[in-house]
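Sequence lines set the chain letters: A, B, ... in the order given, protein chains first and strands last, and positions in each chain run from 1.
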Number of protein chains: 2
Amino acid sequence: MKVAVDAVVFAYINKELNILLIERAFEPFKGKLSLAGGFINENETADQAVIRKLKEETNVKLNYLEQLFTFTDVDRDPRERIISIAYYALINPTNHNLEANIHAKDVNWYPVSKLEYLPIAFDHYKIINYGITRLKNKVIYEPIGFELLPKYFSMSDLYDLYCAILGNNLDRRNFIKKITSFGLLKKTKFKTKGHIGRRAQLFEFDQKKYEKLKLNGFKFDI
Amino acid sequence: MKVAVDAVVFAYINKELNILLIERAFEPFKGKLSLAGGFINENETADQAVIRKLKEETNVKLNYLEQLFTFTDVDRDPRERIISIAYYALINPTNHNLEANIHAKDVNWYPVSKLEYLPIAFDHYKIINYGITRLKNKVIYEPIGFELLPKYFSMSDLYDLYCAILGNNLDRRNFIKKITSFGLLKKTKFKTKGHIGRRAQLFEFDQKKYEKLKLNGFKFDI
DNA sequence: CCAAAAGTGTTACAAGTACACCCATGA
DNA sequence: TCATGGGTGTACTTGTAACACTTTTGG
C-alpha cells in the first residue's frame, strides 16, 4: 500500500477562482489533467511532501496549506493500491505567475467554473469538489481569503473575491460594513492606479491583531 | 510505510462525555491506554477498517463515523513509520454496554474530564483532543448529538448533553426554544419513569424531515 | 462633461439574550 | 407536604437585510 499527497491549489485570477492542474505525460490517464502531488518519502511528513512536490512539479510558493481529507477507495488508482492524503492550498498573485517557473510546462490554471468540461484523471474531480466546498465553508469563519489577494488590496478586490468564492449573494454595503467593523484592515497610504474611475483606498490585513483577538475569543465571521 | 486507522469513540455516560480506550498488553507503551485501531487491509477502505477493528477489539457498534485527520509525523510510532488516519465515532447507550462484549477485557470508558491524568500512548492524546474539538464544533451546526442519546429522550437529556459537550454556557429556556423551533423533534407517547420529580415528555429526532429540510437549504444551528 | 468605479447611512425586521416562577410527581 | 426536576413567556438588545445616491477621476 502506497501513500501519496494531492493538492488542490487555488488562485484568484481575473476575478475568478482558479485551480492548478497538470497535464499528464504518461499512462494511466495520459493527456488528462490531474492535481499536483506524489508519494510521501520515508523521512518527511505529508505537509512536507506537499510543499516539496509543488515546488518540484510547479514551482509555486504556497501562502496557506491545510489538510483536506484522506481518500482510501481501493480502486482509486488503476495501477495499485494508493491512498491519497488530499490538501488544499491558497496562493497569492505574487506567486501564481507560471510563466516565471521553469518546471511549469504542462501546468496551468483553470477557472473553477469550467472544471466540469475538463477531462480530469483518477478521483481528482471528487477531491477538487471537496476542496471547493471546504474553501467556501472556511472562508466564512476564518480570514483565509486574504491569502488569495496581494498584500495591498482595495475593498472592491476583497468584495469581488468573496463574491467569486461564495457566488454573488452579498450586499456590497453590508459586506464592507461588516468587514470594517472587525478593525482588522489597516488603511495604507496607497491607492489603486492605472484604471478608469475613482481611485480606491488600499488596505492590508492585520494578521497580528487577528491573532491577538482570536486568543480573546474573537470569531471572524462574514 | 504502513497505514493504520485510529478511532476516538465517544459515548455519553452519567451526564459526561466519555471516550473508549484500550489498555495495551504489549510494548511499546505496555500498560498505557490507546485508541482502538489497527492496520488497513489491502482490500478495504479506511472506513471499513475502522468498523472492522472496533468490532474485533471492542465489539461496539457505531452510530456515527467521520474521518478526523491524518497524522503523519515521522516518529509518531517508535517501531517504524506508521501513518494514522484518525476517525471519531459516536455511539448511543444501546450500544455502549461493554459488559456484554466478549472482547472487551481491557477496554473501558474514560470521562473526557479525567483524560489529562491518564497515561496515553503514542500521539493519541493529541488525536483525542483533535476529536473533542471537532465534536464541539460540529455538534453546533449538525444534528449529530442525537447519535449519543437513546432513540427516545427528554428535553433535559438533550440539554444536559449539549452542556456536557460544550461546557455549560447554555440558557436552558433559550436552548429548548431554539431546538423546538426547528420542528425536528417528534413528540412520542412516552414519558420518563422511575425517578423523583415531574415526568418528562420523551421526543424522537426526525431524521427524514431533517434530510428533506437540508435539501431545501435548512441549516441546523444551536 | 461623461463613463466608470468608489464610497457612504438609515430603517425595518429578525434573532439572540437575559431572566423567574409555577407544575407534576413520588416519597 | 416537601423535595426534585419539568415546563413555560416577555422585554430588551443586537444583528441582519434591504435599499440609492454622491464623489472622484481620467479620457
Item to check | Ring centers of A:F220, A:Y141 separated by less than 6.0 Å | outcome: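 For A:F220 and A:Y141, the ring centres are not under 6.0 Å apart.
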Next on the checklist: Counting the benzene-type ring for Trp, do B:Y152 and B:F203 have ring centres under 6.0 Å apart?
Outcome noted: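 Ring centres of B:F203 and B:Y152 not closer than 6.0 Å.
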Next on the checklist: Looking at A:K177, I'd like to know whether one of its side-chain N or O atoms comes within less than 4.0 Å of OP1 or OP2 on C:dT8.
Outcome noted: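 Answer is no, no contact under 4.0 Å.
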Item to check | Contact under 4.0 Å: A:S156 side-chain N or O vs C:dA5 OP1/OP2 | outcome: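 Checking C:dA5 against A:S156, no side-chain N or O comes under 4.0 Å of OP1 or OP2.
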[atom1] of [X] versus [atom2] of [N]: gap in Å, rounded?
X: A:H195; N: D:dG27; atom1: NE2; atom2: P; result: 11 Å
X: A:I176; N: D:dC19; atom1: CD1; atom2: P; result: 18 Å
X: A:Y159; N: C:dT8; atom1: OH; atom2: C1'; result: 15 Å
X: A:D157; N: C:dA5; atom1: CG; atom2: P; result: 13 Å
X: A:R172; N: D:dC21; atom1: CZ; atom2: P; result: 17 Å
X: A:L202; N: C:dG7; atom1: CG; atom2: P; result: 9 Å
X: A:R198; N: C:dT8; atom1: CZ; atom2: P; result: 7 Å
X: B:Q201; N: C:dA24; atom1: CD; atom2: P; result: 14 Å

Checklist entry - Hey, which of these two, B:S154 or A:D171, hits DNA chain D nearer its 5' end, going by closest nucleotide? => result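 Looking at the nearest nucleotide for each, B:S154 comes out on the 5' side.
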Checklist entry - Between B:T192 and A:R173, who's closer to the 5' end of DNA chain D by nearest nucleotide? => result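 The residue closer to the strand's 5' end, by nearest nucleotide, is B:T192.
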Checklist entry - How are the rings of A:Y130 and A:F71 set to each other: parallel, tilted or perpendicular (split at 30° and 60°)? => result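 Geometry flag for A:F71 against A:Y130: perpendicular rings.
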Checklist entry - Hey, is the side chain of A:R199 pairing donor to acceptor with the base of D:dT25 inside 3.5 Å? => result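 No, the side chain and the base share no sub-3.5 Å donor-acceptor pair.
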Item to check | B:Y159 six-ring face occupied by B:R172 cation (under 6.0 Å, within 45°) | outcome: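 Yes, a cation-pi geometry.
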Item to check | Side-chain donor-acceptor contact under 3.5 Å, A:S154 with A:Q201 | outcome: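 There is no such pair (donor and acceptor under 3.5 Å, judged by atom type) between the side chains of A:S154 and A:Q201.
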Any idea which of [options] is nearest the [X] side chain?
X: A:A200; options: D:dT4, D:dG6, C:dG7; result: C:dG7
X: A:N174; options: D:dA17, C:dA27, D:dT8; result: D:dA17
X: B:I196; options: D:dT4, C:dC23, D:dT23; result: D:dT4

